[in-house]
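This is a predicted model, so every value here is computed, not measured.
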Amino acid sequence: MRNLVACILLLGSALPAADLGGTWLMEQAGRGGSQVRKTYYYFKVEGNSFTGQMVSSTDSRKVQNGKIDGDTITFETLGAFNDRPNQMRAAFNGEELTISGVGGRGGRGGPPPAGAAGAAPGRGPAGAPGAAGAAIPGTVITGAAAAGRGPGGGRGTPPVYKKISAVAAIPAELLPTHKPLPSVKPLPPNKLALTPPMGWNSWNKFAGRVEDKNVREMADAIVSSGMRDAGYIYVNIDDTWEAGRDANGNILTNEKFPDMKALADYVHSKGLKIGIYSGPGRLTCAGYMASYGHEEQDAKTWAAWGIDYLKYDWCAASGVYTKEEHAPAYEKMGLALRASGRPIVYSLCQYGWLDVGEWGASVGGNLWRTTGDIRDSWDSMATIGFNQNGREKYAGPGRWNDPDMLEIGNGGMTDTEYRTHMSLWSMLAAPLLAGHDVRTMSDSIKEILLNKEVIAIDQDKAGHQGVRVRQDGELEVWKKPLAQGVAVALFNRGKDAAKMTVKWSEAGVTKKSPKVRDLWAHKDIQAPGEYAVEVPSHGVVMLKVN
Ligand code: GLA
């Protein structure tokens, strides 16, 4: 009897191991062109251990350290761009397998969080809709996708996999189709974006709700508000405009953009330029059609529409390219844009991975993101902005570090904090891409975004990125050398107002009694030698000294 119980117990723990081996598939309703999105896991089981692979149209990760302990199945997944594996767990539910991340990690959609740049990010790129989470007309999202999560889950309904084969094998449709990419051959500058690009981008406010109508209205408002005349020229459509491809492989727009060429003509008729979005992978971050295998063709299509600016977002490209091919994949589009016959500003979006400043310009990039996505909060903005010190060596005319778009006017920060956001981005010679609803902008937001004296610092022709001169706890002094003079910013990141002092000699000003102007108060100041001033909590005093 005892033997029988032991035998049953043994069988009980042996069963999942036997069942786990093979290939598992989860299918999700697709977006943008309604391709079904497939995620495969395959597991090779040996005793109570297993290894394997996860492959989808948006990602590819090694499965490692798999352990089967009775009903408890755990493993890790590791992408080529991650230095920390995601902890995963699987459970049998009848014939099906549910696979989810442990502690909310594992397969979350989108790029890494802000601050992850430099070090390899903890979260893998891509997955399901992620930040968009927006209802896209004509798409049905179920299961994990409805919960806003990628393959691997996290919170929400755990993704359910069905076994499709007892053999572990990569499905042919997800194998990369490109020949190995040649290493980067530095491209000469394209002579565009000689000062940091300025304009508006749809993502921060509209995400998946961007459409022809609100882009036109935004263009109108950019003109009527005076933003255009202040320099905000680019009207950039971010992710979610794409549909599938036609029989000849030409990229199609979805129902939100009935005629992209007509929209571009409209934007151009307002004295503005228009930008678009894609990525080197099979799908974009929000799960729409991207440019993999169609780079030259897409660049030509955009040129024919009259596109002036491309944001090229990595996300799902980890599913098809190796780490060595990362920069070459960006150069592939850099070359395609140059061959398109139209000057197109090239914006790299890969969250600062692999020291992008070192090679971003050589692949044809005019700007490159240095972090994960910004959010409309003081913490997010300040963490990103004040962490840019040290990247100044990469910036210059035609080549800019991009700490992500502006959140000014989206409601999550005070006017004082938005003034700091505007000042800091200008000190950094960062692109100034507004991301709010321009149609309903308040007077105080308008005053912040249209402060011409601050914009002039951002747009200074010398193209130097500012640096931190001194940090006393939460008080920071920054300087930015200008073609004529120096911009000096006193930032108070603390919770209370604070008295701050700066000596001009610290900022590299040699004149004994320089001319000093307060760029927010719009007045000249008498301050020979040094200046002492009270700076509000989370606030800034920004000066031009020459
Ligand atoms: C990523 C980018 C964002 C935005 C979204 C669109 O998260 O970093 O700026 O483009 O993709 O899906």
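- A donor-acceptor contact under 3.5 angstrom links the side chains of D313 and Y351, judged on distance only.
- Here the straight-line distance linking atom OG1 of T284 with atom OH of Y277 works out to 5.0 Å at 0.5 Å rounding.
- Sorted by first and then second residue, the salt bridge (Lys or Arg N to Asp or Glu O under 4.0 Å) pairs involving residues 210-223 (not counting sequence neighbours) are D212-R216, K213-E217, E217-R439, D220-K270.
- Looking at W520 and S423, their side chains do bring a donor and an acceptor atom within 3.5 Å of each other.
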Pairs under 3.5 angstrom only: tabulate donor-acceptor contacts from the side chains of residues 479-497 to other protein residues two or more places apart or in another chain.
unit_1, atom_1, unit_2, atom_2, d
K480, NZ, I457, O, 2.8
K480, NZ, H464, O, 3.2
N492, OD1, G494, N, 2.8
N492, ND2, D496, O, 2.8
N492, ND2, V535, O, 3.0
N492, ND2, P536, O, 3.3
R493, NH1, E476, OE2, 2.8

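- Between the CG atom in D518 and the CG atom in L543 there is a gap of 5.5 Å [rounded to 0.5 Å].
- Ion pairing between E453 and K544 fails under the 4.0 Å rule for side-chain N and carboxylate O.
- Every residue meeting the side-chain hydrogen bond (donor to acceptor under 3.5 Å, both in side chains) condition with H326, not counting sequence neighbours, appears here in chain and number order: Q350.
- Rounding to the nearest 0.5 Å places NE2 of H436 at 10.0 Å from NZ of K446.
- Atom CE in M405 sits 8.5 Å away from atom CH2 in W203 (nearest 0.5 Å).
- Atoms CG and CG, on N201 and D404 in that order, are 8.5 Å from each other to the nearest 0.5 Å.
- For the residue pair W368/N401, the side-chain donor-acceptor check at 3.5 Å is satisfied.
- Summarising the local packing, NZ of K311 is surrounded by more than 12 heavy atoms from other residues, nucleotides or ligands at distances under 6.0 Å.
- Taking the six-membered ring where the residue is Trp, W359 and Y330 present tilted rings, their angle falling between 30° and 60°.
- Shown here are the side-chain hydrogen bond (donor to acceptor under 3.5 Å, both in side chains) partners of T420, two or more places apart in sequence or in another chain: there are none.
- With sequence neighbours excluded, the residues that form a side-chain contact (heavy atoms from CB on, under 4.5 Å) with L78 are Q64, N82, P85.
- Among pairs with a residue in residues 522-539, those fulfilling salt bridge (Lys or Arg N to Asp or Glu O under 4.0 Å) read K503-E530, R517-D524, at least two apart in sequence or across chains.
- Between the CD atom of Q465 and the CG atom of D458 there is a distance of 10.5 Å, given to the nearest 0.5 Å.
- Contact check on R375 versus D379 returns no salt bridge, with no Lys/Arg side-chain nitrogen under 4.0 Å from an Asp/Glu carboxylate oxygen.
- Residues W314 and F81 bring their aromatic ring centres within 6.0 Å.
- Ring-plane geometry between H178 and Y321 is classed as tilted, the angle between the planes lying from 30 to 60 degrees on a 0 to 90 degree scale.
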What's the verdict on side-chain hydrogen bond (donor to acceptor under 3.5 Å, both in side chains) for N366 and N190, showing C-alpha distance, side-chain angles and the deciding distance? CA-CA 8 Å; N366 295 109; N190 61 6; 2.8 Å; yes

